[in-house]
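Take a look at the structure set out below.
Residue numbers run from 1 in the order of the sequence given. Any value given below was found using the heavy atoms of this structure, including those in side chains, with hydrogens, waters and symmetry copies removed.
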Amino acid sequence: MRKQRQIGPYTVVTRLDSRNTAPGAAPPEHRFIARSPDGDRTVLVSTPLATTDTQRFMAEAEAARYLVGPWILPTAELAAPGDRPWHARPYRPALPLPTALSVYGGTLPERTVRALGVALAETLAVLHGQQLTHAGICPAAVLLAADGPRRTCYGAVRAAAPDGTPRHEAPGLDAGSLPPEQAAGGRPRPMGDVYALGATLAYAATGHTAPAREELPPTLRSIVPRCLARDPAYRPQLIELIDALADQGAAPADSRTRAEALLVPGWLPAPVVAALAHQSAAVLSAEVQPPPQPRAAAFAVPQPGH
């Protein structure tokens with residue numbers, strides 16, 4: 001049997017991401033579905049790219065432990081200081097956005113893109129209210145689960161290169177989702193998240209992050225191009241984005257948020273739901289061997305007369 005990879009205390013079951021390196025498909029970190037030694041817990045484990053500064057990677061992972069808000073996967077566990085870097089989040093069946101497009105066989109339905117946009121915008125509004133900037137939104141950073149999207153890769157831009165250093169060609173960053181001011185080395189700020197969100201929605205709706213206005217579905221044509229404005233001052237506020245995508249600002253009649261009103265059964269197309277079920281079944285049925293235990297030291301047995 002092939003030796004299974006260990007990351008910290010966890011045994012890798014499978015990669016989360018395919019090896020496709022097409023634009024928008026490669027995440028800024030390696031992500032694996034893994035299981036605890038006792039087999040009771042399944043987690044999503046991330047490790048840095050070879051080119052990533054491990055100290056910055058772990059600093060962003062530590063900060064992600066305290067993220068709150070809907071549709072986010074905070075860090076639950078980190079490598080001990082001095083160990084090889086990794087961090088873990090709770091696992092739930094989920095597909096990276098590029099994988100969902102591949103499974104579906106094309107760009108996602110307008111209903112799905114609208115729900116995705118509202119959910120991600122609501123989460124960003126919570127983060128920005130805490131004076132935080134995500135600085136890591138791109139198509140591959142967004143995971144689609146049955147009950148809604150989850151955002152990962154918090155702080156990927158900051159981990160890729162320090163402020164003041166151009167990030168145009170920083171490994172692991174999707175150039176199409178990188179705000180121009182951050183690509184030039186500027187400090188990540190909230191309106192940069194709006195740019196990255198617009199690029200991600202454009203990708204979901206058209207298959208690439210810089211579409212012509214006419215390529216976008218009608219409900220996105222008035223808002224996504226504004227998100228992609230090079231000057232942050234011309235980008236919309238998150239509430240404008242939510243109003244534009246959530247049925248022209250109509251609020252749900254009950255206590256649900258705008259996103260919850262859109263993330264009802266059927267928000268994901270059937271092939272994506274089937275792929276989530278397949279992933280879940282494959283992970284549950286995977287045979288994972290516990291890591292080898294250290295061998296006990298051998299002691300000489302004293303002989304009579306010695």
Side-chain angles (χ1 to χ4, degrees), residues 5-17 26-37 41-92 94-97 120 123-124 126-145 149-163 165 167 170-174 177-179 182 187-190 192-193 196-197 200 291:
R5 180 177 178 181
Q6 294 293 130
I7 301 178
Y10 297 104
T11 301
V12 171
V13 174
T14 186
R15 280 180 171 269
L16 178 68
D17 303 280
E29 59 190 31
H30 298 299
R31 299 183 296 193
F32 306 88
I33 301 172
R35 191 168 296 158
S36 61
R41 289 186 298 119
T42 303
V43 296
L44 179 62
V45 179
S46 294
T47 62
L49 303 181
T51 52
T52 301
D53 183 288
T54 56
Q55 289 187 329
R56 290 199 301 267
F57 174 83
M58 292 303 293
E60 296 298 333
E62 171 67 26
R65 298 183 72 168
Y66 307 102
L67 300 180
V68 297
W71 325 120
I72 199 163
L73 276 180
T75 301
E77 188 177 359
L78 296 98
D83 289 352
R84 296 182 67 178
W86 59 269
H87 65 88
R89 311 177 184 95
Y91 165 74
R92 64 189 312 107
L95 298 179
L97 181 56
L120 296 178
T123 305
L124 284 178
V126 174
L127 287 183
H128 294 174
Q130 298 172 294
Q131 308 303 309
L132 299 174
T133 302
H134 186 279
I137 298 172
C138 67
V142 174
L143 308 182
L144 301 187
R150 297 295 188 278
R151 289 185 307 104
T152 63
C153 304
Y154 178 80
V157 171
R158 293 183 290 262
D163 296 343
T165 303
R167 302 183 178 100
L173 296 184
D174 173 37
S177 305
L178 188 62
Q182 294 178 18
R187 178 184 177 185
R189 297 185 184 279
D193 285 345
L197 176 55
T200 298

Determine all donor-acceptor pairs shorter than 3.5 Å in which one atom belongs to a side chain in residues 131-143; sequence neighbours excluded.
residue: His134; atom: ND1; partner: Gly136; partner atom: N; Å: 3.1
residue: His134; atom: ND1; partner: Ile137; partner atom: N; Å: 3.4
residue: His134; atom: NE2; partner: Arg151; partner atom: NH1; Å: 2.9
residue: His134; atom: NE2; partner: Thr152; partner atom: O; Å: 3.3

* Work out which heavy atom in Leu49 is nearest to a heavy atom in Pro28; give both atom names and the distance. => CG-O, 3.6 Å

* Nearest heavy atoms of Ile33 and Tyr91, plus distance in Å -> CD1-CE1, 3.7 Å

* What's the shortest heavy-atom distance between Val45 and Val43, and which atoms? -> CG2-CG2, 3.5 Å

* Structure fact -> When Val157, Leu124, Leu120, Thr123 are each screened for side chain to side chain contact (heavy atoms under 4.5 Å, CB included) with Asp193, the one that passes is Leu124

* Structure fact -> Note: Trp86 and Arg84 closest approach over all heavy atoms is CD1-O, 3.2 Å

* Structure fact -> Of all heavy-atom pairs linking Ala156 and Leu173, the shortest is O-CD2, 3.8 Å

* Can you tell me if CZ on Arg15 sees more than 12 non-hydrogen neighbours from other groups inside 6.0 Å? -> yes

In residues 58-78, what donor-acceptor pairs under 3.5 Å come from side-chain atoms, sequence neighbours left out?
residue: Glu60; atom: OE1; partner: Arg158; partner atom: NE; Å: 3.2
residue: Glu60; atom: OE1; partner: Arg158; partner atom: NH2; Å: 3.2
residue: Glu60; atom: OE2; partner: Arg158; partner atom: NE; Å: 3.0
residue: Glu62; atom: OE2; partner: Tyr66; partner atom: OH; Å: 3.1
residue: Thr75; atom: OG1; partner: Ala61; partner atom: O; Å: 3.1
residue: Glu77; atom: OE1; partner: Tyr10; partner atom: OH; Å: 2.3

* **Test: Glu29 and Arg89 ion pair at under 4.0 Å** => yes

* Just by distance, do the side chain of Thr52 and the backbone of Pro48 share a donor-acceptor pair under 3.5 Å? -> no

* **For the student: nearest non-hydrogen atoms of Pro85 and Thr47, plus distance** => O-CG2, 3.9 Å

* To do: Give a yes or no on whether the backbone of Leu144 and the side-chain of Arg150 come within a donor-acceptor separation of less than 3.5 Å.
  => no

* side-chain contact (heavy atoms from CB on, under 4.5 Å) evaluation trace for Phe32 with Ile7 -> CA-CA 9 Å; Phe32 306 88; Ile7 301 178; 3.6 Å; yes

* Would you please test Arg41 and Arg35 for side-chain contact (heavy atoms from CB on, under 4.5 Å) and show each step? => CA-CA 6 Å; Arg41 289 186 298 119; Arg35 191 168 296 158; over 6 Å; no

* Do the side chains of Pro179 and Arg189 get nearer than 4.5 Å, heavy atoms only? -> no

* To do: Mark yes when over 12 heavy atoms from residues, nucleotides or ligands other than Gln130 sit less than 6.0 Å from its CD; otherwise mark no.
  => yes

